Every structure is written in C-alpha cells, then in structure tokens.
Amino acid sequence: MDIKNLKEISNKLKFEIIKTAFDKQKGSLGGTLSCLDILIALYFKPILNVSSDEANDINRDRFILSKGHACVALYLILKKLNYIDDETLLSYGDNGGLGAQLDYYIPGVDWNTGSLGHALGVIAGMALSARMNSQDYHSYTILGDAEMSEGSIWEALTFIGDNKLSNLTCIIDRNRLSVTEELEDVGLFRDFNRIMSSLGWEPIEIDGHNYDEIITSLQKSRISKKPTIILANTIKGKGISFMENNIKWHGAIPSKEEVEIARVELNQGE
Amino acid sequence: MSNNIDIRDAFFDEIYECAVNDKDIVIITNDMDIFSLKKFKKNFPERFINVGVAEQNMVNLAAGLASCGKKVLVYGILPFLIYRCFEQLKFNICSMNLPVIFVGVGTGLGFSFDGPTHHGIHDIGSLTTLPELDIYNFGDVGSAAQIGKTIFDNKNPSFIRLDKGDFPALDNFENINRGSFNIIKPIKEINILLTGYMTKQCYEIYNYFSNMGIELGIVDVYGLKPISEDLRKSVIYPSKKLIVIEENSITCGLGSILSNILAIKGLNIPLKILGLSNKQIFDYGDRDWLIAKEKLAMSDIIERIQEFII
C-alpha cells in the first residue's frame with residue numbers, strides 16, 4: 001500500500017479511536033495516537049508477514065504491542081484485517097467484552113499485555129526459536145519510552161545484543177511523556193546511538209509519524225546483520241491539535257464537542 | 001528402600017533421555033552448573049542456554065521459546081527462580097499457560113550456610129497463588145525419576161522443587177503409580193503425610209510407633225499442587241487424624257495446603273503440621289542442625305506425634 005493510502009487509514013483510525021473513547025468512556029488516547037502510524041505501517045504496508053486466514057501459522061512474523069494500553073488501535077486494525085468481527089470490536093469496554101489490555105486468545109494477538117517491561121525478553125525467545133529451527137520469520141515489538149527504565153528491558157537488551165538476534169526489531173515509541181511527567185534525554189536516551197551500538201544493536205532514529213522513514217527503517221531492519229532498535233520520535237496525541245503533547249490526554253476522555261473538533265481536523269465526514 | 005543416589009541425577013538422567021529423542025527440548029539456566037547436566041551440555045550445546053545472572057530475562061526468554069513450540073526447562077537455585085522474576089512467572093508463563101518446567105534446586109534449608117536468600121522454605125506459599133502451575137517436591141529418587149520421564153507431557157507449567165545429594169528409593173507399599181503420591185505404609189485412622197527432604201524419616205517414625213503397637217499410615221506426597229482427588233479420597237477424607245512433616249514454613253507448605261482443603265470441605269479432622277517456624281532463618285550451620293533447632297529432629301518428631309495422637 002502506498003503512503004497516501006496509509007495516511008488516509010491513519011486519519012480514519014485516529015477518528016475511530018477518539019470516537020470509541022467517547023462512546024465507551026474509556027481509553028488511553030495520547031499513547032494510542034503516538035504509536036498508530038507505526039502500527040499502520042506494520043500491518044498495512046505491510047511489513048508484518050501475517051494473515052488472518054492463518055493466524056497461528058508457525059512461520060508468521062511475531063509482534064507484541066508491549067504498551068497494551070494502546071489496544072484500541074490494534075483492535076481496529078485486527079477488525080479491518082478480518083481477525084475479529086464487528087461484534088467483537090464493538091464489545092470493547094462492555095461487560096464481558098474486549099478489555100483495556102490485550103489478551104492472547106484474541107485472534108491476531110501474540111501475547112498478553114498489561115505489565116510493562118516484558119515484551120522484549122519474550123520476543124528474544126521467539127527470535128531465538130526461529131534461529132534454532134532455521135525459520136525465516138521476524139519478531140517485532142513496540143515499547144513505550146517510559147518502560148525502557150525496567151530492569152528486565154536492560155537484561156533483554158544485553159542478551160539480544162550479545163546473541164546477535166538480528167531477526168528481531170524493537171521499536172520505541174518515544175513520545176516523551178509518561179503517565180505523570182515529561183521524559184527527558186536521560187538514561188538510555190542520553191546517548192542512544194552510542195549506547196545501543198556498543199550493546200551490539202543497530203540503532204536507527206526516525207520521525208515516528210513519517211511513513212517514508214518508518215517503512216525504510218523497518219525494511220532495513222529485516223535484512224540487518226544485527227538486532228535493530230528503532231527510536232521513533234512521536235507525539236503523544238498526534239493529529240489532534242488540543243491533544244498533542246498534552247499529558248492530560250494519557251487517560252482523559254473527550255467531550256462531544258472535542259470529538260467534533262477532532263472530526264474536522266482529521267477531515268472525517270459525518 | 002534401595003541404595004541412595006543423587007536425586008538430581010535421578011531426575012536429570014530421565015530429562016536427558018527425553019532430550020535424546022526430542023530436539024525441541026531446551027534447558028536455560030541463570031549461570032548454574034551441576035554434574036547431572038554435563039552430559040546434556042556436552043551432547044546438545046546448542047540447546048543449553050546460559051543467560052547469565054538475569055532471571056527476569058531468563059523467564060521471559062523461556063516464555064518466548066515455549067510459545068514457538070520449544071519444550072523449555074529452566075534450571076537454577078530455587079528462590080532465584082521465583083522472587084526476582086515472580087511477575088514474569090505469573091504473567092508470561094502462567095497467564096499464557098505455557099508448559100515451561102522450572103527446576104529449582106536447594107529446597108528447604110538445603111543451602112544451610114547461605115542464609116535466607118538461599119532457603120526454600122516459603123516458596124510454596126508464593127507458587128500456590130499461581131493457578132496454572134503444578135508443584136512437585138520429591139522425597140525420593142523414584143518419584144524424581146518418574147516425573148522426569150513424563151514432565152514434558154504436561155500441558156501447563158510446572159515447578160519442580162529438586163533437592164540435592166543422595167536420597168533413597170522408597171518402597172511403594174501398593175506398587176501403584178498414583179502420579180503425585182505414594183503410599184509407603186497402609187492407610188490407617190491416623191496418617192502421616194511427608195514431603196521432600198523429611199520423607200526419608202518415614203521408616204524410623206513408622207517403626208517406632210509400630211513397635212509400640214500403634215499402626216500409622218505413611219504417605220509420600222510429591223505432587224503438592226494440585227492435590228489429586230485420589231489423595232483426597234483415599235487418604236485425607238478417611239483419616240481420623242492427619243500429621244504433616246515437612247521442611248517448609250508451617251504457613252506455606254503441604255500442611256497449609258491441607259488445612260485449606262479441610263476448611264473448604266468443612267471437615268473436622270485434626271491436623272498437626274510439623275514444619276519450620278514462620279521466620280527467615282539467619283542461623284548458619286549444617287542442614288540437620290538447623291532442622292533440629294526447629295524441633296524436627298527425630299526425637300522431637302516422635303514426641304510431638306505422641307502428644308498429638310495419644
């Protein structure tokens with residue numbers, strides 16, 4: 001799919017995400033919108049070699065959305081790709097329906113989410129299994145930038161680098177806002193390229209809303225001789241003027257009027 | 001009771017035989033090495049992964065491998081497979097219901113000179129909170145070998161508490177494989193349930209009371225979770241009195257598991273738990289010296305049983 005179409009999907013899904021939050025009075029909009037373009041590139045370019053016809057194919061690419069609070073974006077994508085039906089999608093937020101975190105029994109979802117810091121080590125296992133079995137699939141994860149502080153992330157970073165798991169790509173949604181504060185260039189981000197290179201990774205820094213850069217980096221990671229870590233600079237609340245970079249929108253729910261403003265800004269008709 | 005062999009060899013020799021025939025079997029460790037694994041390492045080096053001292057990553061890695069069809073055995077010192085990586089265990093192994101096998105060595109006070117960081121005396125309390133997890137605790141080489149043969153058939157995760165050093169092969173009175181327990185001496189009105197390290201005391205206890213004209217049933221319980229219907233119906237429910245002897249805290253071990261069963265079932269069966277007091281033990285010394293300090297030397301056990309049954 002070309003970039004023009006990907007951008008159209010992006011605007012459409014942005015509005016559906018906001019509308020869903022309003023309809024269900026639930027959601028985590030800021031961090032959902034910050035990683036949406038990466039998800040769209042993965043699923044609609046597509047980068048991921050997956051199919052709803054064979055959702056459990058042993059040779060499919062693996063993907064874990066570690067920041068599972070962005071699940072609504074994935075639910076909408078899984079619906080568009082026929083992994084789940086309308087009824088399942090609409091059950092989000094209802095008693096007995098889809099929840100605010102991903103569960104592995106949802107078709108197309110490879111892993112449970114809800115606690116941060118786990119996905120990188122898990123996809124390391126998936127990538128190692130592929131290497132042991134001489135399988136060609138690639139393993140991906142999207143992590144939030146705040147979870148890079150987890151000790152388990154650092155354990156996985158060193159293991160993956162030392163074991164040269166080049167069939168693995170880690171994408172960091174660097175939206176620079178955690179639940180409570182701004183995330184400065186500290187820790188890993190103080191000297192990202194140098195630190196990651198020295199750990200044996202191929203670091204790539206991109207604009208996480210620029211489809212050219214997203215796609216090029218993901219394609220490059222697929223043939224890299226080293227594990228790839230993509231630092232995707234993103235904007236929390238991307239695409240809606242009053243939400244962008246506003247920490248309030250980590251968990252705030254829009255009013256009816258705000259939904260209408262978003263509709264206009266995203267060029268979505270009635 | 002036959003000749004003693006190292007219980008780790010009894011278990012891992014069977015694991016090795018499984019691995020010869022199944023190339024998906026992988027062993028992961030946090031920088032632990034034992035003699036029992038040398039053959040596996042030598043013959044299947046590509047399937048032996050030392051992640052270094054990084055337990056959180058070890059468990060996550062095991063989960064990822066298992067989700068892709070690998071049959072993963074995670075090996076390390078018992079407390080280090082649980083406490084640092086408990087959420088990994090709960091979240092990535094148990095909530096995903098992956099059949100990963102954890103083998104924690106150094107049960108009870110096995111690492112007697114290393115203090116509470118190395119003791120495995122409260123871990124059953126933590127592990128029983130994980131609904132999907134089976135727990136095994138061997139007291140003899142027979143059960144260790146038996147489970148080693150079949151553990152890869154499990155469809156859900158397992159935690160094996162594996163002792164170290166020489167252990168006997170206990171006689172099985174019935175010669176029936178019940179899968180999680182062995183009846184060593186026939187069930188009576190008063191029955192003693194032992195597990196793990198303390199199990200080998202069973203003959204001395206039995207003989208003492210038998211010589212006094214008191215016949216006690218003796219059961220080795222090596223499957224702690226779930227407690228099978230078979231054990232409930234053939235041993236627990238028919239008993240007039242129950243005694244548990246174990247090298248675990250009295251608050252979290254076989255005794256507490258049984259007390260929970262009795263309470264839920266509403267059974268008024270007096271239960272005596274001879275276990276360790278509920279504390280972190282900062283005394284250093286031989287294992288049996290520590291156990292004796294906890295009033296679990298043979299003379300104390302006899303006295304405490306007498307008080308309870310007579």
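Since the structure is predicted, the reported quantities are computational estimates derived from the model, not experimental observations. Proteins get letters first, then strands, A, B, ... in listed order; numbering begins at 1 in each.
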Between [X] and chain A, with a heavy-atom cut-off of 4.5 Å, which part of the residue counts as in contact: side chain, backbone, both or neither?
| X | value |
| --- | --- |
| I93(B) | neither |
| I49(B) | side chain |
| E87(B) | both |

Crowding at [atom1], [X] (>12 non-hydrogen neighbours, <6.0 Å):
| X | atom1 | answer |
| --- | --- | --- |
| R84(B) | CZ | no |
| K79(A) | NZ | yes |
| D153(B) | CG | yes |
| E46(B) | CD | yes |

Euclidean distance, [Y] [atom2] relative to [X] [atom1], rounded to 0.5 Å:
| X | Y | atom1 | atom2 | answer |
| --- | --- | --- | --- | --- |
| N112(A) | N92(B) | CG | CG | 8.0 Å |
| C68(B) | I58(A) | SG | CD1 | 9.5 Å |
| N57(B) | S152(A) | CG | OG | 8.0 Å |

Taking C-beta and beyond as the side chain, do [X] and [Y] meet within less than 4.5 Å on heavy atoms?
| X | Y | answer |
| --- | --- | --- |
| S67(B) | Y104(A) | no |
| V26(B) | L128(A) | no |
| H118(A) | Q88(B) | yes |
| N133(A) | K70(B) | yes |
| L65(B) | M132(A) | yes |

Quiz item: Given that the side chain runs from C-beta out, which part of D110(A) has a heavy atom under 4.5 Å from chain B: side chain, backbone, both or neither?
Solution: backbone

Exercise. Would you mind checking which part of Y137(A) comes under 4.5 Å of any heavy atom in chain B, side chain (CB onward), backbone (N, CA, C, O), both or neither?
Key: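 It is the side chain, since no backbone atom gets that close.
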
Self-check item: chain B-proximal positions within residues 153-170 of chain A [heavy-atom distance under 4.5 Å]
Solution: E155(A), A156(A), F159(A)

Self-check item: Pairs of heavy atoms under 4.5 Å with chain A: top-ranked of R47(B), Q56(B), M58(B)
Solution: Q56(B)

